[in-house]
Amino acid sequence: MPLAMNREVFITCAVTGSGGTQDRSPHVPRSPAQIAESALDAARAGAAVVHCHVRDPETGAPSRDPALYREVTDRIRESDTDVVLNLTAGMGGDMVFGPTEQPLPVTEGTDMIGASERVRHVAECLPEICTLDCGTMNFAEADYVMTNTPGMLRAMGAMMTELGVKPEIEAFDTGHLWFAKQLVKEGVLDAPALVQLCMGVPWGAPDDLNTFMAMVNNVPEDWTFSAFSLGRNQMAYVAASVLAGGNVRVGLEDNLWLDKGVLATNAQLVERAAGIVENMGAKVIGPEAVRAKLGLTKRAPKAL
């Protein structure tokens, strides 16, 4: 295929995630104040979009408490730093089975809730973007399944569209892209869509370049895509995604390290990504350009 490098690139910073990284680096933010400040630092470093999860402020464990999302949202919006806010809607689809000879009943760690509850914080906070994990997947651990059925995704996607919040389709494998295109065909999601290609997450799409280009080649031409990989391949994927015509995602959700033995901050990861983009001859664009590109509308949260 011909080279189709993206010359105007936006950077998304995935600020904290929901994985068990909270005790592996002092830079992983826990409280709403820490998450908001880390997001704003990333924005000042060049991120046009910040992708936020929330955590229990005391333990650092992942949370889906709407009050925590509201505090993060308010702190970011009340600052003097402009950035596009992207909230996760991936929580609430966790299924942890019992041992192989007795998989039912499901065990500790299972967190299965309805579509309205999964989107509740999105409806209250009204971010410009929220994520839609577009499929079910075996996810690293032996008996954990990330569960997103077609019915659940249709319901959540319709709610996001009705709210006027742009879904960022998170595609962890080629089938997820296939179903995302079906959602657009059915009118559940508006076209052109926004998609994040999630590479190297066990056991989804591996982050070799052949698989990556198979994913890229399945993204419709009028859609906007970003891509990322985990750990030491995070920065390599900054270059790969730009070269393939996409945008980039970095951040502590996906990688804790700046260099071997050197723990990173979100701002440092964004700064390094911006340097790679600019050294490739591309331009890093800001939040206003992203809003224009994606047709986003910045709004205030609903009054409580």
Side-chain angles (χ1 to χ4, degrees), residues 8-19 21-22 24-55 60 62 68-69 71-88 90 125 127-131 166 168 170 194 196 198 226-231 234-235 237-239 241-242 246-259 262-279 282-291 293-294 296 298:
E8 294 191 342
V9 178
F10 66 82
I11 298 173
T12 296
C13 181
V15 177
T16 190
S18 61
T21 58
Q22 67 272 15
R24 294 168 52 198
S25 170
H27 304 306
V28 175
R30 298 187 179 203
S31 71
Q34 291 170 342
I35 292 167
E37 189 55 40
S38 191
L40 293 170
D41 285 344
R44 296 180 191 109
V49 182
V50 288
H51 169 58
C52 297
H53 293 242
V54 294
R55 293 174 178 267
L68 298 177
Y69 280 106
E71 184 177 346
V72 169
T73 299
D74 288 346
R75 286 177 177 274
I76 290 173
R77 284 178 166 152
E78 290 168 2
S79 75
D80 59 359
T81 300
D82 188 27
V83 69
V84 174
L85 183 61
N86 175 341
L87 297 183
T88 185
C125 296
E128 292 161 274
I129 300 172
C130 69
T131 58
K166 182 81 169 180
E168 180 190 65
E170 294 211 337
L194 170 66
Q196 184 75 245
C198 309
S226 294
F228 72 89
S229 186
L230 306 182
Q234 185 174 78
M235 292 303 160
Y237 256 77
V238 170
S241 186
V242 172
N247 302 282
V248 303
R249 167 172 143 172
V250 295
L252 295 177
E253 176 171 354
D254 308 318
N255 166 48
L256 298 178
W257 301 96
L258 186 65
D259 292 303
V262 180
L263 290 166
T265 66
N266 278 310
Q268 288 172 328
L269 294 172
V270 171
E271 286 171 355
R272 179 157 294 182
I276 292 169
V277 171
E278 290 168 349
N279 284 329
K283 175 185 177 183
V284 175
I285 63 173
E288 279 305 310
V290 172
R291 291 186 183 103
K293 180 181 181 68
L294 300 179
L296 305 178
K298 191 173 183 179

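Index from 1, following the sequence. Note that the structure is predicted; figures quoted are calculated from it, not measured.
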Practice task
Could you check L230 against N255 for side-chain contact (heavy atoms from CB on, under 4.5 Å), going step by step and ending with a plain yes or no?
Solution key: CA-CA 6 Å; L230 306 182; N255 166 48; over 6 Å; no
Exercise for the section: Scan V284, N247, V50, V238 and name whichever one has a side chain to side chain contact (heavy atoms under 4.5 Å, CB included) with I11. Expected result: V284
Completion exercise
In this structure, CG of L269 is separated from CD of E253 (nearest 0.5 Å) by 12.5 Å
Problem - With F10 via ring pair (Phe, Tyr, Trp, His ring centres under 6.0 Å) - residues at least two apart - result: none
Problem - side chain to side chain contact (heavy atoms under 4.5 Å, CB included) involving R291 - partner list, sequence neighbours excluded - result: D82, V84, E128, P287, E288, L296, K298
Exercise for the section: Locate the shortest heavy-atom distance separating C52 from V15; write the atom from each residue and the value. Expected result: SG-CG2, 4.2 Å
Handout entry: F228 side chain reached by V248 side chain, heavy atoms, under 4.5 Å
Key = no
Problem - Test side chain to side chain contact (heavy atoms under 4.5 Å, CB included) applied to S79 - qualifying residues, sequence neighbours left out - result: L40, T81
Fill in the blank from the handout: Applying side chain to side chain donor-acceptor pair (under 3.5 Å) to T21 and not counting sequence neighbours gives R55
Exercise for the section: Could you verify whether a donor N or O on one side chain and an acceptor N or O on the other, from E170 and Q196, lie under 3.5 Å apart? Expected result: no
Problem - OG1 on T265 to CG on L252, rounded to 0.5 Å - result: 7.0 Å
Exercise for the section: Quick one: list whatever passes side chain to side chain donor-acceptor pair (under 3.5 Å) with S226, sequence neighbours left out. Expected result: none
Exercise for the section: Specify the closest pair of heavy atoms between V9 and A282, including all atoms of both residues, with the distance to one decimal. Expected result: CG2-CB, 4.1 Å
Exercise for the section: Could you pull out all residues at least two apart from N279 that satisfy side chain to side chain contact (heavy atoms under 4.5 Å, CB included)? Expected result: none
Completion exercise
Heavy atoms of P29 and S38 approach each other most closely as CG-CB, 4.0 Å
Exercise for the section: Without swapping roles, check the side chain of E37 against the backbone of A33 for a donor-acceptor pair under 3.5 Å. Expected result: no
Fill in the blank from the handout: When every non-hydrogen atom of V72 is compared with those of A36, the smallest separation belongs to O-CB, 4.1 Å
Problem - Atom of R30, atom of Q34 and distance for their closest heavy-atom approach - result: N-OE1, 2.9 Å
Exercise for the section: Output the distance between atom OH (Y69) and atom NE2 (H53), rounded to the nearest 0.5 Å. Expected result: 6.5 Å
Handout entry: Interatomic spacing from CD1 in I276 to OG in S241 - rounded to 0.5 Å
Key = 12.0 Å
Exercise for the section: Specify the closest pair of heavy atoms between A48 and G286, including all atoms of both residues, with the distance to one decimal. Expected result: CB-C, 3.7 Å
Completion exercise
One should read off an interatomic distance between H27 NE2 and N266 CG, to the nearest 0.5 angstrom, of 10.0 Å
Practice task
Please list, chain by chain and in numerical order, all residues satisfying salt bridge (Lys or Arg N to Asp or Glu O under 4.0 Å) with D259, sequence neighbours excluded.
Solution key: R272
Problem - E71: salt bridge (Lys or Arg N to Asp or Glu O under 4.0 Å) partners, not counting sequence neighbours - result: R75
Problem - L194 CG to N86 CG distance, which is reported to the nearest 0.5 Å - result: 8.0 Å
Problem - side chain to side chain contact (heavy atoms under 4.5 Å, CB included) involving T73 - partner list, sequence neighbours excluded - result: R77, L85, L87, C125, P301
Handout entry: Those residues that, when tested against R24, pass side chain to side chain donor-acceptor pair (under 3.5 Å) (two or more places apart)
Key = none
Exercise for the section: Using the side-chain contact (heavy atoms from CB on, under 4.5 Å) rule, take H51 and R249 through it: C-alpha gap first, then chi angles, then the decisive distance, then the call. Expected result: CA-CA 9 Å; H51 169 58; R249 167 172 143 172; 3.9 Å; yes
